[in-house]
Amino acid sequence: MEQNRRDFLSGAAWMGVTAMAAGCMSAGKKLCNAVGAPMHGFRVAPMKQVRVGVIGVGARGLPAVHRISQIPGCTVTAISDINPDRLDKAQSVLKKLGRPAAKEWSRNGDTEAWKGLCDSDVCDVVYSVTPRPLHCPINVYAMDHGKHVLQEVPGAFSLDECWATVEAAERNRRHCMMLENCTYGEAEMLAFNLIHKGKLGEIVQAEVGYSHDQRNLQFNPSSRIAGVVDFWRLKRHMTRHGNYYPTHGLVPAGRCLDINRGDRFEYLVSVETKSASFEQFGRDNFPPSDWRHSAKMVKGDVNMSFLRTVNGKVLTLKHNVCTPAPYDRGNLYLGTRGIFRGINFHDDPAKDFTDGSPCRFGWEEKTGDNGAHLYFDLARTKAVREQYRHPFWKVAGEISKKVGGHGGMDFIMDLRWAYCLQNGLPLDTDVYDLATYSSIVELSERSVLARSAPIDFPDYTRGGWKTAHPFTVDEIDMGKFDFGTGVVSGSISS
Ligand SMILES: NC(=O)c1ccc[n+]([C@@H]2O[C@H](COP(=O)([O-])OP(=O)(O)OC[C@H]3O[C@@H](n4cnc5c(N)ncnc54)[C@H](O)[C@@H]3O)[C@@H](O)[C@H]2O)c1
């Protein structure tokens with residue numbers, strides 16, 4: 001079997017061949033930790049005050065400023081954006097909340113000025129909400145300059161970027177967590193709770209994904225880089241194959257399947273349909289004089305990947321942003337004793353979750369119950385949901401819905417990393433998770449290009465997954481947060 005890059009690097013280190021291994025030095029710069037000290041369960045001393053620097057205050061970053069500023073013990077002390085209008089908006093969010101103005105970088109449009117934020121001593125944590133090509137450069141630069149990183153999804157875009165991020169975390173002993181908000185969705189956390197309490201028995205298969213009709217968004221984007229309308233998503237469809245946005249369904253499922261904590265993804269196969277819907281949309285909506293009328297796509301409409309774990313579970317992962325279809329993350333889990341099936345809607349998953357229908361599940365009362373009648377009736381569904389609501393949602397659900405952000409899950413996520421940092425706990429997902437889940441971008445493309453051949457996952461943990469502690473159903477002690485006069489409601493309009 002082909003030796004992966006990490007085996008090679010760590011093997012060299014154990015032999016005492018410090019940093020001389022090819023790939024460990026580049027242009028005289030050390031690229032890896034000589035002993036590759038693993039970071040499972042990594043924690044730092046409790047941070048009473050968490051000072052956050054937000055890079056990118058666009059559609060997603062501005063509401064993040066609003067949310068973070070409302071967490072007791074957290075302050076947005078720095079912001080960076082190349083668009084002065086976005087900086088003004090972020091400062092006005094802080095002003096409305098009665099918070100001090102943040103120190104600014106990049107008002108002059110300098111696309112590298114975010115490095116000044118990372119170099120500075122005004123923040124301890126970088127919260128990165130930038131266009132995707134900047135994710136890995138920010139991961140590495142920020143950690144090399146002593147900052148912990150919270151990175152939007154996906155955390156990196158190639159295996160090289162994944163390794164670079166892992167190595168930066170290890171050599172600097174810094175957190176690098178991916179901000180996968182859907183992991184904290186109410187339905188996802190209910191599934192996690194039921195599965196970890198053994199209600200569905202042993203899970204053998206999961207079906208998750210990202211179905212989001214983005215035809216309009218991709219052909220008429222609002223996002224700008226350096227003042228120019230940026231078609232980077234559409235350009236990806238025009239040039240590359242594979243699933244370039246894998247994490248919304250995948251990370252919650254990974255937690256349910258104990259990925260990197262007792263099991264790990266071994267290989268995937270990926271298959272793609274022909275491309276039809278985007279080209280149709282271009283023809284139907286733009287005149288022949290517009291390049292979008294005849295834009296040719298390389299990526300197929302629907303990408304399906306099948307991931308097999310070392311312990312024999314199979315996860316089906318779908319990516320479809322092309323065809324007319326309701327928003328959906330899948331959330332299907334099949335176990336030896338039962339089933340969980342969720343449907344998510346984009347606008348307000350929490351509201352949909354409470355109305356009784358979108359999430360169904362059931363399990364055998366005795367061996368051999370007829371599976372065809374396994375879903376619990378609505379009364380029992382509601383009772384079970386109440387009983388097994390995840391502790392995060394029990395204690396923080398109401399306040400999170402008030403603050404907003406995808407029905408509250410964004411604030412639950414932010415509260416949780418803040419709680420962990422303030423109390424010196426490991427973060428829920430670590431740099432190995434960021435790398436593992438982000439690897440799908442390259443692995444799925446490689447498989448499609450090789451007629452769906454199986455492609456191995458790198459083991460970023462170097463065997464650490466075998467002994468790492470499984471995820472637990474954990475707590476947030478809300479008694480440790482003093483919300484004073486309460487929170488300011490509503491999502492910030494971007
Ligand atoms: N988790 C989720 O639910 C979710 C949803 C949407 C987007 N995202 C992710 O969030 C990220 C941002 O997406 P968005 O929709 O907010 O994009 P956006 O274009 O609205 O915002 C990006 C911001 O970054 C700024 N920027 C660009 N280059 C910069 C530079 N060199 N230095 C400083 N600032 C710079 C832009 O001016 C803009 O304000 C993406 O990675 C995307 O994948 C996540």
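Counting starts at 1 for both ligands and their atoms, in listed order. For the single chain, residues carry numbers from 1 onward in sequence order.
- Residues forming a side chain to side chain donor-acceptor pair (under 3.5 Å) with Gln205 (at least two apart in sequence, or on another chain): Glu207, Thr316.
- Remark: distances from the non-hydrogen atoms of His406 to ligand 1 include one below 4.0 Å.
- Partners of Glu112 under the salt bridge (charged side-chain N to carboxylate O under 4.0 Å, His left out) rule, at least two apart in sequence or in another chain, are Lys115.
- When ring centroids are compared, Tyr460 and Trp163 come within the 6.0 Å threshold.
- Residue Glu180 places no heavy atom under 4.0 Å from ligand 1.
- A 4.5 Å side-chain heavy-atom check between Thr461 and His40 finds at least one atom pair inside the cut-off.
- In this structure, Arg292 forms no cation-pi arrangement with Phe219, as its terminal cationic atom is not both closer than 6.0 Å to the ring centre and no more than 45° off the ring axis.
- Within the listing of ligand 1, atoms 39 (O) sit less than 4.0 angstrom from a heavy atom of Arg86.
- Polar contact check, Gly56 against ligand 1: no nitrogen or oxygen pair lies under 3.5 Å apart.
- Atoms of ligand 1 found under 4.0 Å from any heavy atom of His135 (numbered from 1 in listed order, with element): 41 (O).
- Considering each of Met178, Arg60, Lys89, Met409, the one bringing a non-hydrogen atom nearest atom 2 (C) of ligand 1 is Arg60.
- When only interatomic distances are considered, the shortest N/O to N/O separation between Ala59 and ligand 1 falls below 3.5 Å.
- For the pair Arg255 and Phe471, the cation-pi criterion (under 6.0 Å, within 45° of the ring axis) is fulfilled.
- The closest heavy-atom contact to atom 24 (O) of ligand 1, among the options Pro133, Gly58, Pro131, comes from Pro131.
- The nearest non-hydrogen atom to atom 30 (C) of ligand 1, considering only Leu134, Leu87, Thr130, comes from Leu134.
- For a threshold of 3.5 Å applied to N or O pairs, the pair formed by Glu112 and ligand 1 contains no separation below that value.
- Between Arg233 and ligand 1, no pair of N/O atoms sits closer than 3.5 Å.
- Proximity to Asn181 (heavy-atom distance under 4.0 Å) selects the following atoms of ligand 1: 1 (N), 2 (C), 3 (O).
- For the ligand labelled ligand 1, residue Tyr245 lies inside the 4.0 Å heavy-atom shell.
- Checked against a 6.0 Å centroid threshold, the rings of Phe231 and Trp291 count as neighbours.
- The aromatic ring centroids of His212 and Tyr245 lie 6.0 Å or more from each other.
- Heavy-atom proximity to His248, at under 4.0 Å, picks out these atoms of ligand 1: 1 (N), 2 (C), 3 (O).
- Relative ring orientation between Tyr210 and His319 is described as parallel, the plane-to-plane angle staying below 30° on a 0-90° scale split at 30° and 60°.
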